[in-house]
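Predicted, not measured: the structure shown is a model, and the values here were computed from it. Throughout, numbering of the chain's residues begins at 1 and tracks the sequence.
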Amino acid sequence: MLDNRQQRVVIETDRHRITGSITMPSGGFRSRLSDFLNHAEKEFIALTEAVVTPVEGNGSVERRDFVVVGRQHIVLAMPEDPALSEDDA
C-alpha cells in the first residue's frame, strides 16, 4: 500500500493561475513535484480545493472543489508558499 500526502501547489497556464492540492506519494518514486508532473503516463493533473484566478486580472476568482488541468497547458508549477495567502495576491 502506498502512503500519499496532500501537496499545495500553484500551477499557471497561459490564462489562469490555479492554487490547489494534489495527491502525491509520501516518499520514493514521484515524491518530488517535478517527478510527479513529468510522469509520462499522466496527461491530466487533478487538484482539489482549487482557486482559479485569471492571469491577466480580467474576470472573477473561482473556487472549485475539483479541477483537472491538462499537463501540456502547464507553463509554471511550484509548491505554494504557506507564508502567502490568497488575500495578499
Heavy-atom pair with the smallest gap, counting every atom of [X] and [Y]:
X: A50; Y: I18; value: CB-CG2, 4.2 Å
X: S60; Y: P54; value: O-CD, 3.6 Å
X: R8; Y: T48; value: NH1-O, 4.0 Å
X: A46; Y: F66; value: CB-CE1, 3.7 Å

Residue pair [X] / [Y], side-chain heavy-atom distance below 4.5 Å:
X: I22; Y: F36; value: yes
X: V68; Y: I45; value: no
X: R17; Y: V10; value: yes
X: D65; Y: E49; value: no
X: V61; Y: V51; value: yes
X: V9; Y: T19; value: no
X: L76; Y: I11; value: no

The reported gap from CG in L47 to OG1 in T23 (rounded to nearest 0.5 angstrom) is 9.5 Å

Task: Within 6.0 Å of CD in E56, more than 12 heavy atoms from elsewhere - done: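 Counting neighbours around CD of E56, 12 or fewer heavy atoms of other residues, nucleotides or ligands fall under 6.0 Å, so no.
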
Under 3.5 Å, is there a donor on one side chain and an acceptor on the other for R5 and Q7?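 Result is yes, a qualifying pair exists.
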
### Ionic contact status for E43 with R71, cut-off 4.0 Å
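Judged by the 4.0 Å cut-off on N to carboxylate O distance, R71 and E43 do not form a salt bridge.
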
Review point. Backbone N or O of D3 within a donor-acceptor pair of the S26 side chain at under 3.5 Å?
Key: yes

